[in-house]
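Worksheet for the structure shown next.
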Amino acid sequence: MAHDPQDRYAPRKVEAKWQYLWDERGTNRFTPEAIRTPERPFYNLMMFPYPSAEGLHVGNIYAFTGADVHGRFHRLQGKDVFEPIGFDAFGIHSENFALKMGIHPMDLIPRNVANFTRQLRRIGGMFDWDHTVDTTQPEYYRWTQWLFLQLFKGKLAERKEAPVNWCPSCMTVLANEQVVGGVCERCETAVEQRRIAQWFFKISDFAPRLLENLDRIDWSETTKKAQENWIGRSDGAEIHFAAIGHEGTRVEVFTTRPDTLCGATYMVLAPEHPLVDRVTTDEHRADVEAYRARAGRMDLVTRKKTDKTKTGVFTGGYCENPGTGEEVPIWIADYVLMEYGTGAIMAVPAHDERDFEFATAFDLPIRRVIAPEGVDPEAPLDEAYTGDGILVNSEGFDGLTMEEGKRVVAGWLGSEDLGKVMVNYRLHDWCISRQRYWGPPIPIVYCEACGPVPVPEDQLPVLLPRVEDFKPDDSGVSPLARVESWYRTPCPDCGAPARRETDVSDTFLDSAWYFLRYPSTDHDTVAFDPATTRTWLPVDTYIGGNEHAVLHLLYARFITMALHDLGHLDFEEPFSRFRAHGLIVREGAKMSKSKGNVVVPDPIIDEYGADTFRLYLMFLGPYEEGGDYRDAGIQGPFGFLKRLWETIVPVESLREGAPDPEVERKLHQTIEQVTRQMPELGFNTSIAAMMEYLNAVRSGGRSAARSEVEPLVPMIAPFCPHIAEELWERLGHTGGIFEGANWPSYDPALTLADTVTLAVQVNGKVRATLELARGADEATALDLARAEANVARHLEGASV
RNA sequence: GCGAAAGUGGCGGAACUGGUAGACGCGCGAGACUUAGGAUCUCGUGGCCCUGUGCCGUGGGGGUUCGAGUCCCCCCUUUCGCACCA
């Protein structure tokens with residue numbers, strides 16, 4: 001192919017040119033007018049990054065590129081795609097790094113943000129830089145504080161003292177979600193138990209709706225399952241056990257197995273249970289106090305170790321089992337947790353492994369009440385029987401099946417006012433207090449006379465002061481508590497001297513509402529403008545990592561639901577569609593700094609260009625499953641773009657006129673396949689189809705027709721926007737490929753082959769193939785097949 | 001323990017409702033063009049006896065079917081969530 005050798009594919013040149021032009025033309029930005037009046041709004045959201053000092057890593061780029069490809073595809077189909085990006089820059093991550101480097105976060109974060117911005121522009125994302133957020137800016141966290149006040153007013157925020165996870169290294173309280181396998185999620189230090197007064201959001205009130213709504217949203221199944229698990233619904237009953245010798249005192253237990261009521265041979269209270277004092281007899285008080293003290297010191301983690309042998313002490317007290325009328329002893333043990341159910345259980349050692357273990361250790365009676373057909377109910381058990389069976393030794397309930405038993409016993413308890421059907425959730429309230437510096441101050445003032453008083457909304461933001469000594473200490477309070485000039489303030493209600501809340505809020509609160517802010521960043525008098533919000537939300541597609549399946553995503557749903565109930569939003573689910581992308585590994589191994597095997601993006605973009613890098617990342621494997629990054633692999637996509645360029649670029653040498661019929665069919669098949677797969681994020685297979693098509697166009701060294709290659713350009717554009725713009729322009733189009741609906745269409749009739757190939761099989765083996773003209777009827781086909789089969793002299797089982 | 005996903009060439013991965021397994025790409029082999037090339041192009045590339053109209057091949061074992069990577073049953077392995085949650 002003769003063409004100017006100077007006019008080779010030069011990614012750096014092409015990319016610099018188009019990034020400049022997009023910026024110049026405002027291609028990706030919505031003006032304040034435009035964002036009010038989109039014709040076909042499409043809100044394309046991706047999880048905003050934490051701007052680390054290291055800069056963007058491949059994981060970020062993979063996530064953003066996939067989301068960007070999705071957004072650009074919809075844009076080429078004529079949608080008004082809003083694709084914002086921002087920075088989640090508050091929090092322990094940033095603060096710890098600032099401490100390590102000895103740089104104040106107020107100086108460090110802007111630097112990181114600038115570096116991230118540069119890198120994000122470089123990868124060619126369709127970001128609207130006029131609608132960006134930085135959670136550490138007062139104009140953003142002002143509204144985070146406003147959000148707290150709305151929940152406070154709605155009685156969804158409360159202050160209470162609670163045992164919390166305390167990380168002795170980060171010197172702060174952690175949410176349950178941030179404790180992974182007993183250690184701090186961030187620094188992997190073992191977590192301890194402490195009691196501190198803190199602010200909680202009542203997310204557990206929303207557990208039923210958070211669970212039920214999952215059926216109505218289009219999310220990755222894995223993510224929904226993770227949330228379902230986390231919310232943890234259990235169906236059962238609450239049962240009242242009257243305490244012997246304490247008239248009117250009853251112990252309430254939650255159980256999922258009311259059918260085993262008559263097998264409850266003892267009870268166990270959590271050591272912190274409020275009734276422990278009352279039921280404990282003088283004789284046992286010393287033992288009980290000693291045990292409680294020990295359990296109170298132990299961190300929440302060790303306490304939950306499954307493999308730990310059971311410990312506990314007898315209180316001396318007894319309860320009446322309402323099923324049998326028998327007196328059963330009350331014990332305390334740390335295997336019963338105060339924060340789940342009622343903090344008390346009826347122990348059924350015959351049918352619960354933990355109770356069996358405890359009963360065996362302390363020589364408590366074990367009574368079988370469920371037995372499979374044909375098994376002697378009195379035969380001794382050597383382990384808990386948790387299988388199905390018939391009720392036995394259960395007074396009037398004998399003979400019922402397990403399932404009937406659950407219903408009947410619960411119903412009977414209800415009618416006798418001894419209990420009720422109950423649903424329990426594992427989900428705990430969300431502790432949002434952090435005894436740290438780098439976050440939005442919680443907008444509350446404590447007044448001796450008025451109690452906790454919310455900061456009036458017109459006094460927001462409560463600015464985070466610049467404090468040079470922002471190091472956390474072991475005092476259990478925030479570094480802000482050392483800044484008297486800041487925390488001393490008059491009470492907003494009575495004017496008396498008062499004191500600000502010195503804790504800041506959890507970073508997850510910042511990210512629980514940022515998607516509401518993006519479209520409204522032009523508005524500085526409201527958190528989110530009602531009309532704009534109605535236009536753009538809920539988010540059409542949200543793409544992000546599954547590591548946030550139960551943290552961020554659940555909080556964002558909760559905040560949206562709460563704002564809906566408080567009258568601020570007219571929808572209760574923020575993300576109509578969520579897709580989790582997969583993870584990128586390198587040469588089969590996880591990437592980590594310590595292994596020194598991280599992919600550094602900048603040099604790769606220098607050498608091959610952002611288009612090739614994007615294309616390669618999307619080609620690695622199914623987007624929702626991730627892929628294995630192999631350094632040599634980038635040659636494939638790079639070669640493809642070079643060939644694409646060389647096929648098109650001397651535009652004058654392209655043939656005019658209709659495509660070759662063979663190529664035309666392949667073209668329409670390719671358009672069909674790619675158009676079908678793109679909305680489902682089938683990026684790797686779409687790219688493969690386009691490569692296959694280009695191979696067909698170039699096969700035998702033939703020169704391409706314009707009509708053969710031109711539709712390929714918009715199809716490649718979501719992946720490789722720069723080269724696509726350049727080729728589109730060279731093909732004579734003005735105004736940019738992303739302006740207008742330039743996605744190609746296909747003719748289904750043209751995707752079909754003229755002949756159909758039939759395989760003739762005899763006894764499961766292919767004996768012949770024959771070509772049939774399209775439209776030939778089945779009878780003809782069968783006749784032909786049988787004839788072929790006969791020729792092959794196999795007479796049995798011939799079929800098509 | 002509970003829940004979920006996945007096992008296909010040397011590697012990443014294709015295969016829509018059951019219909020010629022291995023698309024696309026990497027790697028590898030041969031050749032061409034070159035002073036040279038880790039550039040470019042062409043051809044080949046699951047295994048086996050390499051004789052064929054040949055045999056075996058999608059973690060293992062059964063089954064349904066004219067036909068199974070795909071559907072059913074049992075087992076094995078890996079990865080990821082949750083986990084003393086009553």
Side-chain angles (χ1 to χ4, degrees), chain A residues 180-181 220-234 236 253-257 260 264 268 270 303-310 333-337 339-348 351-355 357-358 386 424-428 546-547 549-550 582-583 585 587-588 615-616 619-622 624-640 642-643 646 672-673 676-677 682 684-695 698-701 757-769 785 789 792 796-800:
Chain A
V180 178
S220 297
E221 263 330 292
T222 51
T223 314
K224 286 206 218 179
K225 277 283 170 207
Q227 294 217 344
E228 211 177 294
N229 243 318
W230 192 263
I231 296 168
R233 180 188 162 115
S234 292
V253 304
F254 172 73
T255 179
T256 54
R257 295 293 304 276
T260 63
V268 186
R303 201 167 144 182
K304 291 187 181 182
K305 274 269 158 59
T306 312
D307 52 350
K308 210 183 61 172
T309 43
K310 298 276 179 292
D334 64 5
Y335 82 91
V336 174
L337 310 171
E339 65 266 27
Y340 184 78
T342 60
I345 61 158
M346 61 175 209
V348 184
H351 306 293
D352 181 282
E353 286 165 28
R354 296 154 301 178
D355 297 345
E357 197 189 318
F358 191 83
T386 53
N424 220 316
Y425 296 92
R426 182 192 161 280
L427 185 67
H428 294 77
N546 231 351
E547 69 273 14
V550 289
L583 245 50
V585 298
E587 315 281 340
L615 189 64
Y616 179 45
F619 185 59
L620 284 177
E624 294 179 71
E625 284 164 40
D628 189 358
Y629 189 98
R630 285 173 191 262
D631 296 356
I634 200 166
Q635 294 301 337
F638 187 48
F640 169 70
K642 280 194 287 193
R643 284 191 293 278
E646 278 154 24
E672 181 187 25
Q673 192 186 344
R676 267 204 343 252
Q677 292 176 343
N684 58 330
T685 48
S686 291
I687 294 166
M690 290 189 278
M691 287 174 164
E692 201 178 336
Y693 175 65
L694 186 65
N695 289 346
R698 291 167 57 94
S699 70
T757 305
L758 288 179
V760 180
Q761 296 188 339
V762 179
N763 295 336
K765 312 226 159 156
V766 177
R767 287 304 172 201
T769 60
E796 305 163 71
S799 62
V800 190

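Every chain is numbered from 1, with letters handed out A, B, ... down the list of sequences. The analysis underlying the following values was restricted to heavy atoms, covering all of them including side chains, and did not include hydrogens, waters or symmetry mates.
- Positionally, the nearest nucleotide of RNA chain B for A:F638 lies more toward the 5' end than for the other of A:F638 and A:R354.
- In this view, A:R676 and A:E672 satisfy the side chain to side chain contact (heavy atoms under 4.5 Å, CB included) rule, not counting sequence neighbours.
- A distance of about 15 Å separates the P atoms of B:C2 and B:C84, rounded to the whole Å.
- Under the side-chain hydrogen bond (donor to acceptor under 3.5 Å, both in side chains) criterion, A:E353 pairs with no residue at all, not counting sequence neighbours.
- Partners of A:N684 according to the side-chain hydrogen bond (donor to acceptor under 3.5 Å, both in side chains) rule, which considers only residues two or more places apart in sequence or in another chain, do not exist here.
- What separates NZ of A:K225 from P of B:A4 is a distance of 5 Å, to the nearest Å.
- Under the Watson-Crick or G-U wobble criterion, with both distances below 3.5 Å, B:G1 is paired with B:C82.
- Look at A:E228 and A:K225 and you find a salt bridge, because one of the NZ, NE, NH1 or NH2 atoms lies within 4.0 Å of a carboxylate O, short of that distance.
- With a cut-off of 3.5 Å on both pairing distances, B:G69 has no Watson-Crick or G-U wobble partner at all.
- In this structure the side chain of A:Y335 reaches within 4.5 angstrom of the side chain of A:D355, judged on heavy atoms.
- Summarising the geometry, the separation between NZ on A:K642 and P on B:G38 is reported as 14 Å, rounded to the nearest angstrom.
- A 3.5 Å limit on both hydrogen-bonding distances identifies no Watson-Crick or G-U partner for B:U51.
- For the pair A:K224 NZ and B:C80 P, the computed distance is 24 Å after rounding to whole Å.
- In this structure, the side-chain hydrogen bond (donor to acceptor under 3.5 Å, both in side chains) partners of A:Y340, at least two apart in sequence or on a different chain, are A:S234.
- Between the CZ atom of A:R426 and the P atom of B:G3 there is a distance of 16 Å, rounded to whole Å.
- Taking atom C1' on both B:U53 and B:G37, the two are 47 Å apart, rounded to the nearest angstrom.
- Looking at residues two or more places apart in sequence or on another chain, you find a side chain to side chain contact (heavy atoms under 4.5 Å, CB included) between A:A689 and A:T670, A:Q673, A:V674.
- Base orientation for B:G9: syn, the chi torsion being within 90° of 0.
- B:G12 atom C1' lies 13 Å from atom CG of A:D631, rounded to whole Å.
- When each of B:C84, B:G81, B:A86 is scored by its nearest atom to the side-chain atoms of A:N229, the top-ranked nucleotide is B:G81.
- Using P as the reference atom, B:A4 and B:U58 are 27 Å apart when rounded to the nearest Å.
- Residue A:N424 contributes atom CG, which lies 13 Å from atom P of B:C85 at whole-angstrom precision.
- For B:C56 and B:G69, the P atoms lie 13 Å apart once the distance is rounded to whole Å.
- With a cut-off of 3.5 Å on both pairing distances, the Watson-Crick or G-U wobble partner of B:C26 is B:G10.
- With a cut-off of 3.5 Å on both pairing distances, B:U17 has no Watson-Crick or G-U wobble partner at all.
- For the pair A:Q227 CD and B:C2 C1', the interatomic distance rounds to 18 Å; values are reported in whole Å.
- For the 3.5 Å distance criterion, the side chains of A:N546 and A:T222 qualify, holding a donor opposite an acceptor.
- Separating the P atom of B:C66 from that of B:G18 is a span of 16 Å, rounded to the nearest Å.
- For the C1' atoms, the distance linking B:C55 with B:C49 amounts to 8 Å, nearest Å.
- The same atom, P, is picked in B:G57 and in B:G9; the two are 14 Å apart, to the nearest Å.
- When the P atom of B:C41 is taken as reference, atom CD of A:E646 falls 7 Å away, rounded to whole Å.
- Using C1' as the reference atom, B:C26 and B:A36 are 25 Å apart when rounded to the nearest Å.
- With a 3.5 Å ceiling on both atom-pair distances, the Watson-Crick or G-U wobble partner of B:G31 is B:C41.
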What protein N or O atoms touch nucleotides 22-27 of chain B N or O atoms at under 3.5 angstrom, if any, and at what distances?
residue, atom, partner, partner atom, Å
B:A23, O2', A:E692, OE1, 2.9
B:A23, O2', A:E692, OE2, 3.4
B:G25, OP1, A:N695, ND2, 3.2

- request: Take A:K642 and A:F638, measure what side chain to side chain contact (heavy atoms under 4.5 Å, CB included) needs, and give me the verdict at the end.
  value: CA-CA 6 Å; A:K642 280 194 287 193; A:F638 187 48; 3.5 Å; yes
